[in-house]
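Values in this document were obtained by computation on a predicted structure and should not be read as measured data. So that the names make sense, note that chain A is the first sequence line, chain B the second, and so on, each numbered from 1.
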Amino acid sequence: MKVGLFIPCYIDQFYPQVGIATYQLLEKLGVKADFPRQQTCCGQPMANTGCEQDAKPVYRHFVDTFAGYDYVVAPSGSCVYHVRKHYDVVEQTGAVQHVRQATYDLFDFITSVMGVTELPGRFPHQVGLHLSCHGQRGLHQANESEMTPVREGQLSRLLRSVDGLTLTELNRNDECCGFGGTFCITEEAVSARMGQDRVQDHVLNGTEVLTGGDMSCLMHLEGIVRRRQLPLRVMHAAEIFNAALQQPSKPVSTYVPGAVAAL
Amino acid sequence: MSHPQRAAAFTSDAERTTWHDETLWFVRQKRDKAVYGIPEFQQLRQLASDIKEHTLSRLDEYLEQFEQNARANGVTVHWAADAEEHNRIVLDLIRKAGATSLVKSKSMLTEECHLNPYLVKNGIAVVDTDLGERIVQLREEAPSHLVLPAIHLKKEDVGETFHLHLGTPKGEKDPQALTEAARLHLREKFLIGEVAITGVNFAVAETGAVVVCTNEGNADLGVNLARVHIACMGMEKLIPRTADLGVFTRLLARSATGQPVTTYTSHFARPAEGREMHIVIVDNGRTRQLGRPDFRASLKCIRCGACMNTCPVYRRSGGHSYDFTVPGPIGAILSPNIDMRQHSSLPFASTLCGSCTDVCPVKIDIHAQLYKWRQIIAQEGELPAAKKLGMKLLSSVLARPGIYRFGGKVAREGLRFLPHGLTHAAAFNPWAKARELPEPPKQSFRDWYAQQVVK
Ligand code: SF4
């Protein structure tokens, strides 16, 4: 199984520890991922600004980069959603179709493709989960509160399986954080206010470590946490799992090729 | 002014923003409770969506059927191509009735057509009889929400307005007392109303009847006391059969306020003895929207307001920040059809979180349409020049790995070595007004990875 790692540009430059944790976590689970150096971006920033036409060369570059892999894994649900949902505007060659369905969010990959639903290891902290809207409503990683009161999703299940980790119950389970790509600049006032409200919900309910599967939301929330000097740490969930697995409480179930049917 | 500017003005009052957000979130939660209680709710949504899609796919036939049946009931049917024609028809009818005043129950269509100012200019006194509508009318404001037109106002604001216009004691802010004052004031107006205008929630093709849903009963009272009833409706209000109505009444009130059904669901089929009933069917851009395959689904809207209550942007920017009759997410996909240039900032007033799409009782893909409007607005050259150039540059960098790697490094190193005061200056960097930039690390991921492979 050839797995290509897609590390979005801002993670590469500003949050390398998230890329490293993703790589090491996969390694601990028995998958040696490859990072093709010519990768750039999924094109979402342009497309969400209305410049889908300008983004097409970026889409093609993404497909060229990853066409040779069985799976493309990214620690960012938002980019994955973009590739899957919005790469419909370029010619649907075999390569494009393959890359669109082979691109997975890290935790979807771990649970759905690798069949791992529990992670051993210890992380004795109260953790607040912020699911990105693209992950939750776009990739259906958890039930939307608009539909049903059930709150469980694969990332929260994985988190709950870690020893010592408690999850925060929030007042508003799945409210958007207000990042929204260029929205965070063009609608600065509303974006900041949304982020402040989101962080406040975590502070009120006892979160020590704020986590999620999308570093873009977390970058925005971290910016607010640091500006307001709040007693919260912000970590990508890959960092939590990777840290927890430093001290596994039971053997790590590693990936056996062919053991789990891929989706 | 664009949406961001008006939104910034609204959020600058932090306390009011909190209150506005929490009030609407409370309505959203009431809606959730009502929705969770109905196991077949998602099926109902699908059914409602299917019925509307079907109706839109043969709207011409249903409109003719509706007209025929309404005429057979003794109702006069009028057709208006646009707002201006609609207003002219209404004024004509009022003049023919020899009236100088009218009572109006809530109608977003007449707001859309700016009927009130038109009638006032022509010497007709108009009284909105829905409490919230009356409040904003007295304040000479536009409604800020489809269902809760005065939701941007606190009870103190209403007290102030009533003190000024209805003579309630200064400082009175008890909702009960204020409502009572409005009730007395409106009762007088009802009694002298010669013409009553209502909106229409649903128009049933097979019977020619119109259905109006209210919580205050003001539509009934107005119509029953007046000699002439004028019902104004957008042409998308049709449903084929009376049997379809239950699907929508079950969805409408639950989605709007969490009630199982509106207090009044009033059916108007024919005029009473010696009275007149008119229906004005209005296009005003709707056929144009119907002709846009990507956006025609927006015509399924039943104006429940749920997408506003759920929208994290709307809750914090207020309805007036949209500067369009229909605010919130649905307004942001309807408005560019009316005037793309004027409303070009609205499809961008969203994080595309998708909550609107998930609450919408008729399953309009609102956030997908926001995305699509953005593409059109950019192509039609309505993006600010800086944004456009920026995106072109960005694209050319992102399709060239070499320049990209260099650019990323420059950004990170720049952040590492430039002073905080410069990188965080609000004038250059809106991000930094309320947020810190990420702390730049010494090494990028790709540099780390390169070392791993060497090892
Ligand atoms: S778009 Fe949907 S949710 Fe919004 S007002 Fe219309 S029917 Fe209600």
**Q.** With Asn173(A) via side-chain contact (heavy atoms from CB on, under 4.5 Å) - residues at least two apart
**A.**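 Listed in chain order: Arg151(A).
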Q. If you look only at pairs with a residue in residues 131-153 of chain A, which of them pass as a ring pair (Phe, Tyr, Trp, His ring centres under 6.0 Å), with sequence neighbours excluded?
A.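 Sorted pair list: Tyr81(A)-His134(A).
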Q. How many angstroms lie between atom SG of Cys184(A) and atom CZ of Arg435(B), to the nearest 0.5 angstrom?
A.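 Going from SG on Cys184(A) over to CZ on Arg435(B), the span is 5.0 Å.
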(Q) If I take atom CE from residue Met147(A) and atom CG from residue Asp32(B), how far apart are they, to the nearest 0.5 angstrom? (A)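 Those atoms lie 11.5 Å apart.
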Q) With only heavy atoms counted, which part of His367(B) is less than 4.5 Å from chain A, the side chain, the backbone, both or neither? A)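 Looking at His367(B), just its side chain touches chain A.
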Q) Under a 4.5 Å heavy-atom cut-off, does chain A meet the side chain of Ala349(B), its backbone, both or neither? A)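 Both backbone and side chain.
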Q) Just checking heavy atoms, which of residues 37-46 of chain B are less than 4.5 Å from chain A? A)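 At a heavy-atom separation under 4.5 Å, chain A is reached by Gln42(B), Arg45(B).
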(Q) Using salt bridge (charged side-chain N to carboxylate O under 4.0 Å, His left out), reason through Arg315(B) and Glu175(A) one step at a time and then give a plain yes or no. (A) CA-CA 12 Å; Arg315(B) 273 189 264 113; Glu175(A) 174 107 317; 2.8 Å; yes
Q | Any residue meeting salt bridge (charged side-chain N to carboxylate O under 4.0 Å, His left out) with Asp13(B), in chain and number order, not counting sequence neighbours | A |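 Arg16(B).
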Q) Where does Leu221(A) contact chain B at under 4.5 Å (heavy atoms): side chain, backbone, both or neither? A)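 Neither; nothing under 4.5 Å.
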Q) When the aromatic ring centroids of Phe35(A) and Phe445(B) are compared, is their separation below 6.0 Å? A)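 Phe35(A) vs Phe445(B): aromatic centres under 6.0 Å.
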Q. Just checking, is any N or O donor in the side chain of Thr357(B) or Arg137(A) under 3.5 Å from an acceptor N or O on the other one?
A.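 No, because no side-chain N or O of Thr357(B) sits under 3.5 Å from a partner of the opposite role on Arg137(A).
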